[in-house]
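Keep in mind that what you see is a predicted model, and the values were worked out from it rather than measured.
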Number of protein chains: 2
Amino acid sequence: MSTRTAIGHSPAPRATRTRTRRPRAEREAQILDSARRIFSEKGYGEATVAEIASFAGVVEGTVYTYFASKRALLIAVMRVFFESLIAETETGLRAIRGVENQLRFLIRKQLEIFASDFGLCRVILREARPDLTLYDEAILELNRRYTGLALAVLEEGVATSVLRENIVPSVIRDLIYGGIEHAVWRFVFSERELDVGTLSDQLADSILGGIVCPCGNELPEQSETLTRLERVADRLEVSLDRSQS
Amino acid sequence: MSTRTAIGHSPAPRATRTRTRRPRAEREAQILDSARRIFSEKGYGEATVAEIASFAGVVEGTVYTYFASKRALLIAVMRVFFESLIAETETGLRAIRGVENQLRFLIRKQLEIFASDFGLCRVILREARPDLTLYDEAILELNRRYTGLALAVLEEGVATSVLRENIVPSVIRDLIYGGIEHAVWRFVFSERELDVGTLSDQLADSILGGIVCPCGNELPEQSETLTRLERVADRLEVSLDRSQS
DNA sequence: TTTTTTATTGAGTCTACCTCATTAATATCT
DNA sequence: AGATATTAATGAGGTAGACTCAATAAAAAA
């Protein structure tokens, strides 16, 4: 009984420092969950490994028998996040017909993710992207796979002539995900509440339809058709005038 | 003479540890330059205050008589960066007529900044935005002023009917700057060389004109004009037929 | 029960931000 | 010019947090 806690007279009614051994997988999951939670709450830099350990019910050193570094822990958290995100998005996409609807779905889905798990999204955006050296190859691959879903839709759109043939799919993908990201930051700073439905419609409409007023004189193909039609109209009118005289 | 360096027998041919006093403004500029350089090269987290001090020719403690913290140093660097960026962009914008050309200029300018000073841009993107608590109010204001330039152009475009009346300027601004940012990251990861001209055209064309193929059936106003013309053509043809019979 | 294995520990190292009492270079005064 | 006052500059700590490792004890195997 006295062997339970190292020091015989320790009262320790609070600490659950029982030193119980658990199967590796279970402990790893505990630590991973704890890390996800703490990172989401406080951000990467502000979270400490000691705090993550304590929340998982272990001591700081234990974390390092499961993960090589604080960074590795973050990467593992990100992997879990991405894998479920990709799976959800893939199944959602399969249920939707039409390139335009699929693009609208992707935009809305991304906004929903931001809204529902903003803490973690913020950490990922801050830590993952700008850190080229520490950007784990596997995470880069997951990210590629995720945004690759949008790329595939865009390419199909071009192939089926739903989208203009002269667009560059990768540029449009950047426009979509970059635009969403900035729009979300805007809401975070302004502290207004994010209306996912409205914002995703605004974004989708702008991306799909562009911003230049079509009343103008700027659409080459259409205006060519128009001038040709006008020329024919002119010719017919001349004929008509002549026949009426 | 022996009072020059504290310890009499110090050889110190390398160190410029002369302990010379400089006017505050000059020293501050030295430290600021050094910080900008080191931050750009190594990033915020990897740069150490000791290194910045050493490069500026002072000792670590000296930095703290000029800047309250490492973070404050970064904010000062960012302020200098933003102020010159805003000034350049404002003068450039004044020399350009037409909303569409102005938007193309803004896009190109931003891409040029990324290409020419990528190290610092990366630090700013990583450190400034996601850190709400440490985000100095003055920097937020500078950022607002910078992207506000785009906002003004967009609003003018709507007012003069060059742009569609139903667009949301702030959303378009997010699309522009977010899209540029992601496109640049893409190039960084792929390690291909960034062609500013091509990319800015691709981005501008997509944002201005949208991605949906106009050959389709989707542009209401234009097709209205078409149907009216067709109706006139019909009428003329009928008249022509009748007169020829 | 005894032995082996290995998960868990916590004390200790190291690095980097930051503080502060001391020092000496310049400016001011007589 | 010499004495005094001011304050820029210093560098020796303080502290926090990531990371290491030899020792320990809980579970498994013999």
Side-chain angles (χ1 to χ4, degrees), chain A residues 1-8 10 12 15-32 34-35 38-39 42-76 127 131 134, chain B residues 1-8 10 12 15-32 34-35 38-39 42-76 127 131 134:
Chain A
M1 257 141 216
S2 62
T3 54
R4 252 303 159 68
T5 43
I7 305 138
S10 164
T16 326
R17 185 59 17 91
T18 330
R19 191 164 180 160
T20 39
R21 284 172 74 161
R22 299 239 168 260
R24 276 200 87 78
E26 192 181 323
R27 261 287 134 80
E28 191 176 316
Q30 278 178 2
I31 294 172
L32 210 55
S34 171
I38 305 288
F39 283 150
K42 318 190 103 179
Y44 180 77
E46 286 64 42
T48 71
V49 175
E51 191 181 4
I52 291 169
S54 144
F55 191 85
V58 292
V59 91
E60 194 173 356
T62 304
V63 173
Y64 287 94
T65 67
Y66 288 89
F67 299 94
S69 65
K70 187 185 180 188
R71 201 89 204 167
L73 192 46
L74 174 64
I75 288 174
E127 299 302 327
D131 225 333
L134 293 171
Chain B
M1 256 140 218
S2 63
T3 55
R4 250 314 160 61
T5 42
I7 305 139
S10 164
T16 327
R17 184 58 19 92
T18 331
R19 190 163 181 162
T20 39
R21 282 173 76 160
R22 299 241 167 257
R24 274 200 87 78
E26 191 181 325
R27 260 290 134 79
E28 191 176 316
Q30 277 179 3
I31 295 171
L32 210 54
S34 171
I38 306 288
F39 283 150
K42 318 189 103 179
Y44 180 77
E46 286 63 42
T48 72
V49 176
E51 191 181 3
I52 290 169
S54 144
F55 191 84
V58 294
V59 91
E60 194 174 356
T62 304
V63 173
Y64 287 94
T65 67
Y66 289 88
F67 300 93
S69 65
K70 187 186 180 188
R71 201 89 204 168
L73 192 46
L74 174 64
I75 288 174
E127 299 302 327
D131 224 334
L134 295 170

Checking contacts here: which listed nucleotide (C:dT8, C:dC18, D:dC19) is nearest the side-chain heavy atoms of A:Thr62? C:dT8

Starting at atom CZ of B:Arg27, determine the distance to atom C1' of C:dA25, rounded to an integer number of angstrom. 12 Å

Check whether any side-chain heavy atom of A:Phe67 sits under 4.5 Å from a side-chain heavy atom of A:Ile75, and report yes or no. no

What is the nucleic acid contact for A:Ala47, judged by heavy atoms within less than 4.0 Å: base, sugar-phosphate only, or nothing? sugar-phosphate

Would you call B:Ile52 and B:Phe39 a side-chain contact if the rule is heavy atoms closer than 4.5 Å? yes

Measure the distance from CZ on A:Phe67 to P on D:dA18 and round it to the nearest whole Å. 15 Å

Would you indicate, yes or no, if C:dA16 has its OP1 or OP2 atom less than 4.0 angstrom from a side-chain nitrogen or oxygen of B:Thr48? no

Determine: side-chain N/O of B:Arg24 to OP1/OP2 of D:dA8, distance under 4.0 Å, yes or no. yes

Which pair of heavy atoms, one from B:Glu60 and one from B:Ala50, lies closest together, and at what distance? OE1-CB, 3.9 Å

Interatomic distance, B:Ile31 CD1 vs C:dC17 P [rounded to whole Å]: 14 Å

Without decimals, in angstroms, what is the distance between B:Arg22 CZ and D:dA9 C1'? 13 Å

Rounded interatomic separation in angstrom, taking CZ from A:Arg21 and C1' from D:dA27: 5 Å

Is there a donor-acceptor pair under 3.5 Å between the side chain of B:Tyr44 and the backbone N or O of B:Arg71? yes

Residue closer to the 5' end of DNA chain C, B:Ala50 versus A:Gly61 (nearest nucleotide): A:Gly61

For atom NZ of A:Lys70 and atom P of C:dC14, their distance in whole Å: 21 Å

Whole-Å gap separating C1' (D:dA18) and CD1 (A:Ile38): 16 Å

A:Ser34 and its side chain to side chain contact (heavy atoms under 4.5 Å, CB included) partner, picked from A:Ile31, A:Ile38, A:Leu32: A:Ile38

Separation of A:Tyr64 atom OH from C:dT6 atom C1', in whole Å? 21 Å

Ignoring backbone atoms, establish whether B:Tyr66 has a side-chain N or O less than 4.0 Å from OP1 or OP2 of D:dA8. no

